[in-house]
Amino acid sequence: MSDETLRSIRRELHQIPELGFQETKTQQYLLDKLTEWQTERVQVKKWKTGLLVRIAGTNPKKTIGFRSDIDALPIKEDTGLTFSSTHAGRMHACGHDFHMTIALGSIHYFVENPPVDNLLFVFQPAEEGPGGALPMLQSDVFQAWFPDIIFALHIAPELPVGTVSSKEGLLFANTSELFIDFKGKGGHAAYPHLAKDMTVAASQFVVQLQQIISRGIDPLESALITIGKMESGYVQNAIAETARLEGTIRTLSPETMPIIKDKLQKLMDGFSLAYECEIDVDYGANYYQVYNDASYVHLFSKVMKENDIKFDTAPAAMTGEDFGYMLKEIPGFMFWLGVSSPYGLHHAQLNPNEEALSVGVKAVVQTIAKLTVNDA
Ligand SMILES: CC(=O)N[C@@H](CCC[C@H](N)C(=O)O)C(=O)O
């Protein structure tokens, strides 16, 4: 597929970002493209708002899987690009438009050059939340086409185009979403002693919870809590009866996560006594770490060198990915693809360099070709 076609697919997908399990236009777009390239070797099945695409091999000994996530974020795009999001308050700010385009480009290659092994391309909804990988993995459609190997990529704004990176073992963290609701007593701004002010309680809580990490967790165990959103009250001259914090917890080891949740519970109990309020917590979506199979990362690094793509060893990152659930069941790996953007992931001005699209297709196609002749 030409660079121009890859670019135009990416731009069309970029304009229709949708949140997890709402990806109906995205699903239709993917179906339309796949219909254009339909051959008897290709079978497509829907799973919720996602898709599974199976390409039958010419002499299959196994099934090689590649997974792309398809959802977007509730972020208002601020790139000023001519092909900006047409969906208010939604943006492909995590590069899933790139991931899908690279998967489509790779499918197109194997439609024109039938593979030896069976291939399974997985277009997975809801990676940003509430998590599509685990239920998709457990679905009948996935189980029927279960791959022997699976891999995935993620764009890396800080890496130059032409570079990929990965590592053996742990690549991404364990995650848990965090939603905390405070309920106190509202009142007139001039009578604080008659109310229970949840703006003050929640503000203190945000500051205090950072000490769970700095004082409660072994400094040799990496962990973090980020509160990304805070809401309270309705008007400038009334005391807020309610407040809500929304965030995420990340840990490099699965064992650290329950320790943090236990300490959070103790802190909430203390705050509800001290501020005379109710505090409820919801841990939302939880993702298992991304743990790469060493032999496949080794094979991947060799393939990249043979194809003039620079391979760097990546450090582990505190990002999360529900692809970790697939890697828990299926051997494989994940890698970062350099897209050289001054603004990072989840930034309203993220603008990945489109020259990385053909690098991504080459990396995926050549890895599949090598996996076909060599099991790692
Ligand atoms: C690659 C990436 O950015 N993934 C997301 C996954 C989010 C999971 C969930 N919504 C959470 O925040 O815990 C990330 O933020 O790392």
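The first residue of the sequence shown is numbered 1, and numbering continues consecutively from there. As the structure lists them, so they are numbered: ligands from 1, and atoms in each ligand from 1.
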*Which is it for Cys94 and ligand 1 at heavy atoms under 4.0 Å: side chain, backbone, both or neither?*
side chain
Check residues 217-224 and write down every donor-acceptor pair under 3.5 Å in which the side-chain atom is one partner and the other belongs to a residue at least two apart or another chain.
unit_1	atom_1	unit_2	atom_2	d
Asp218	OD1	Leu220	N	2.8

*Would Thr86 and Gln15 count as having a side-chain donor-acceptor pair, cut-off 3.5 Å?*
no
*Around atom 3 (O) of ligand 1, find the nearest protein heavy atom and jot down its residue, atom name and distance.*
His346 NE2, 3.1 Å
*asked:* As an exercise, identify every atom of ligand 1 less than 4.0 angstrom from a heavy atom of His154.
replied: 1 (C)
*May I ask you to check if Lys328 and Tyr291 form a cation-pi contact, with NZ or CZ under 6.0 angstrom from the six-membered ring centre and within 45° of the axis?*
no
_Which segment of Glu128 sits under 4.0 Å of ligand 1 when only heavy atoms are counted_ = both
_Can you see whether Asn174 engages Gln289 through a side-chain donor-acceptor pair at a distance of less than 3.5 angstrom?_
yes
*For atom 2 (C) of ligand 1, the protein heavy atom that lies nearest, with its residue and separation*: Gly320 O, 3.4 Å
*asked:* Is it the case that atom CZ in Phe83 sees more than 12 heavy atoms from other parts of the structure closer than 6.0 Å?
replied: yes
_Looking only at protein heavy atoms, which one is nearest to atom 9 (C) of ligand 1, and what is the separation?_
Glu177 OE2, 3.3 Å
*Thr175 heavy atoms, cut-off 4.0 Å: which ligand 1 atoms fall inside?*
13 (O)
*Starting from the C-alpha separation in whole Å, work towards a yes-or-no answer on salt bridge (Lys or Arg N to Asp or Glu O under 4.0 Å) for Lys33 and Glu36.*
CA-CA 5 Å; Lys33 282 286 161 215; Glu36 276 177 37; 3.4 Å; yes
*Of all the non-hydrogen atoms in the protein, which one sits nearest to atom 13 (O) of ligand 1, and at what distance?*
Thr248 OG1, 2.8 Å
*asked:* Within the 4.0 Å heavy-atom shell around Thr319, which atoms of ligand 1 are there?
replied: 16 (O)
*Decide, yes or no, whether a salt bridge links Asp78 with Lys76 under the criterion of side-chain N to carboxylate O below 4.0 Å.*
no
_My understanding is that only one of Glu241, Glu276, Glu278 makes a salt bridge (charged side-chain N to carboxylate O under 4.0 Å, His left out) with Lys183; could you say which?_
Glu241
*asked:* Considering Arg250, Glu246, Glu321, Met334 one by one, which has a heavy atom nearer to atom 14 (C) of ligand 1 than any of the others?
replied: Arg250
*Which protein heavy atom lies closest to atom 8 (C) of ligand 1, and at what distance to 0.1 Å?*
Tyr287 CE1, 3.4 Å
*asked:* Taking a cutoff of less than 4.0 Å between a non-hydrogen atom of the residue and any ligand atom, is Glu127 in contact with ligand 1?
replied: yes
